[in-house]
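Working notes, structure below.
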Amino acid sequence: MPDLSLFVLLLLALFIGWWVGRRKASKKEEDSGIDPAYYKGLYYLISQRPDQAIDSFVDNLEVNAETLDMHLAIGKMLRKRGELERAIKVHQNLLTRPNLTRQQRATAHLELARDYLKSGWFDRAEGLLLDAVNKHPALEKEALSFLLEIYEEERDWLNCILTGDKLLPRNLLGQRIKSHTELQMSMGHYCCEIAEAAIKTEDWSSARRYLKQAIGYDPGSLRAMLLEARLERLNGRNKQALGVLRQIPAEQFATSNEAMALLYDCYKALGDDKSLIDYLRKLVDVYPSDTLVLALAQQLEKQCSKEQAAEFVVEQVRKRPSLKGVLQVLRISAENSTGEVHTNLDFVQDLMGDWLDKKPNYRCKDCGFSVVNHIWHCPSCKRWSSMRQLKGIAGDQDIAR
């Protein structure tokens, strides 16, 4: 049984075809009856043969101002249902008709480009979209948005920047308006992608240039700050790297394993373990999440004593219960126990540890896609910076603000 929406749409299309035919016959004062093709299409539809009904519709329904929207609606419906070959056929059929206006032809081109984009035929889609940008100003913004999708999929970050920049809001003088939109955040990530590649090849000047550009698009970008700190660290400028890391808010610090690792490396290189503990205490005072609490506990155990670390963790777990905190208490308790108690604590610790290691720690705020480790780009909904750390007793501690 075809979808009800498609059934209704095809039935409406056949009715419009019949009505247009009858009206033309009336104008000519002829009563030659209804075109048999419409009876054929209706028969296919009633017989639950939508594929044949679509073919009949495409082949026989005239394209004019009254039926164009119906053609486009059928094509969009087919694309939405995943029937991309049929959607392409509908839109290609429109483009063969000589009576389309310039604007109507441009709209059909744009819909065909969307079919190609959905089919993964990026080269074909790009050609049609570039043509729409150059020749049809009314469709420029929509065409640029689809081009941006293609360049993102192809990881062509330079073209992403060039295309995205054309979509940013500007004033009457053509100057970019300072605002913080989702597009500007994406633009910051495009620059970070290029900067990250430059860091890997030790092209420090290019990395710095694109990181500066990233901050210009997205001030306060966590990713840009982390890359800048990494860049300084790789160049032996540990104090400068720490200066960048200290600009990161405690709440963002708690979500980034990379920030924590860079912090450790910088203080270790400077031989200043005491300052590391002092800074972690400041972060915990502002935002006592599991990540920061456990990081501080590990440093207390390493530089002070296990007893001091255990006392600190127990105090934090009492304030904000969490499984990660409990696991840390179990680990310390197991190390200070013997015999059967030690064996039992080890067993529970291993069981909880395995479960927590496999449990997702981040979830996309837009589509709900979950991952164990943080990523910048959601592979499901294609949004940037959409991953949020899970909160609650089984995630990070839910901090009351």
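All residue numbers refer to positions in the sequence shown, counting from 1.
Atom NZ of K365 has more than 12 heavy atoms from other residues, nucleotides or ligands within 6.0 Å.
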**Prompt:** Stepwise, does the side-chain contact (heavy atoms from CB on, under 4.5 Å) test hold for L263 with L242?
**Reply:** CA-CA 7 Å; L263 193 72; L242 284 175; 3.8 Å; yes
**Item:** Worked check of side-chain contact (heavy atoms from CB on, under 4.5 Å) between S380 and C364
**Value:** CA-CA 9 Å; S380 177; C364 177; over 6 Å; no
**Check against side-chain contact (heavy atoms from CB on, under 4.5 Å), I88 and L112** = CA-CA 6 Å; I88 289 171; L112 182 58; 3.9 Å; yes
**Request:** Check the pair L283, L296 against side-chain contact (heavy atoms from CB on, under 4.5 Å), reporting the backbone distance first and the verdict last.
**Result:** CA-CA 9 Å; L283 292 175; L296 178 52; over 6 Å; no
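With sequence neighbours excluded, no residue forms a side chain to side chain contact (heavy atoms under 4.5 Å, CB included) with K268. Residues passing the salt bridge (Lys or Arg N to Asp or Glu O under 4.0 Å) test with E193, sequence neighbours excluded: R155, R223. Residues forming a side chain to side chain donor-acceptor pair (under 3.5 Å) with T101 (at least two apart in sequence, or on another chain): Q104. Under the rule for a side chain to side chain contact (heavy atoms under 4.5 Å, CB included), the partners of L234 that lie at least two apart in sequence or sit in another chain are I199, W204, R230. Among residues two or more places apart in sequence or in another chain, the salt bridge (Lys or Arg N to Asp or Glu O under 4.0 Å) test is passed with E154 by none. Judged as a salt bridge (Lys or Arg N to Asp or Glu O under 4.0 Å), and not counting sequence neighbours, the contacts of R208 are E232. Listed by chain and number, the residues in a side chain to side chain contact (heavy atoms under 4.5 Å, CB included) with V133 are E140, A143, L144, L147 (sequence neighbours excluded). Remark: H374 pairs with Y362, W376 by the ring-ring contact (aromatic ring centres under 6.0 Å, His included) rule, at least two apart or across chains. Among residues two or more places apart in sequence or in another chain, the side chain to side chain donor-acceptor pair (under 3.5 Å) test is passed with D156 by N159. For K80, the side chain to side chain contact (heavy atoms under 4.5 Å, CB included) test picks out no residue, with sequence neighbours left out. For K274, the salt bridge (Lys or Arg N to Asp or Glu O under 4.0 Å) partners are D278, not counting sequence neighbours.
Residues A108 and L95 approach most closely at CB-CD2, 3.6 Å, considering heavy atoms. Nearest heavy atom pair, residue L245 against residue F253, reads O-CE1, 3.6 Å. The nearest pair of heavy atoms linking G188 to A214 is O-CB, 3.5 Å. Among all heavy-atom pairs drawn from D366 and S386, the shortest one is OD2-CB, 3.6 Å. Smallest separation of non-hydrogen atoms from L292 and A250: CD1-O, 3.9 Å. Closest heavy-atom contact between I375 and V371: CD1-CG1, 4.0 Å.
Contact of the W384 side chain with the E152 side chain is registered, since non-hydrogen atoms from C-beta on lie closer than 4.5 Å. Between C160 and L148, some side-chain heavy-atom pair lies under the 4.5 Å cut-off. At least one side-chain heavy atom of I161 sits less than 4.5 Å from a side-chain heavy atom of M187. Put simply, the side chain of T107 does not reach to within 4.5 Å of the side chain of L100, judged on heavy atoms. Residues R363 and R388 are not in side-chain contact: their nearest non-hydrogen atoms beyond the backbone lie 4.5 Å or more apart. Considering only heavy atoms from C-beta on, T255 comes within 4.5 Å of L222 through its side chain. Residues F369 and M387 are in side-chain contact: their nearest non-hydrogen atoms beyond the backbone lie under 4.5 Å apart. At a threshold of 4.5 Å between non-hydrogen side-chain atoms, the residues L129 and I150 count as touching.
For residues 121-137, the pairs satisfying side chain to side chain donor-acceptor pair (under 3.5 Å) are E126-Y151, D131-K135, with sequence neighbours left out.
Looking only at distances, no side-chain donor or acceptor of H91 sits under 3.5 Å from a matching main-chain atom of H109. Put simply, the side chain of N235 gets close to the backbone of L231: a donor and an acceptor are under 3.5 Å apart. With hydrogens and angles disregarded, a donor-acceptor distance shorter than 3.5 Å links the side chain of D272 to the backbone of S275. Here the side chain of R97 pairs no donor or acceptor atom with the backbone of R105 at under 3.5 angstrom.
Here E182 pairs with R383 in a salt bridge; the nearest charged N to carboxylate O distance falls below 4.0 Å.
If you take OG on S305 and CD on E311, they are separated by 8.5 Å, rounding to the nearest 0.5 Å. Separation of atoms CD (Q299) and CG (L276) is listed at 4.5 Å; rounding is to 0.5 Å. The CG atom of D203 sits 9.5 Å away from atom OH of Y210, with the distance rounded to the nearest 0.5 Å. Rounding to the nearest 0.5 angstrom, the gap separating the CG atom in D218 from the CE atom in M185 is 7.0 Å. Note that the CD1 atom of I215 and the SG atom of C192 stand 7.0 Å from one another [nearest 0.5 Å]. Atoms CZ and CD, from F312 and E301 in turn, are 12.5 Å apart once rounded to the nearest 0.5 Å.
Between Y279 and Y267, the ring planes lie tilted relative to each other; the angle falls in the 30° to 60° range.
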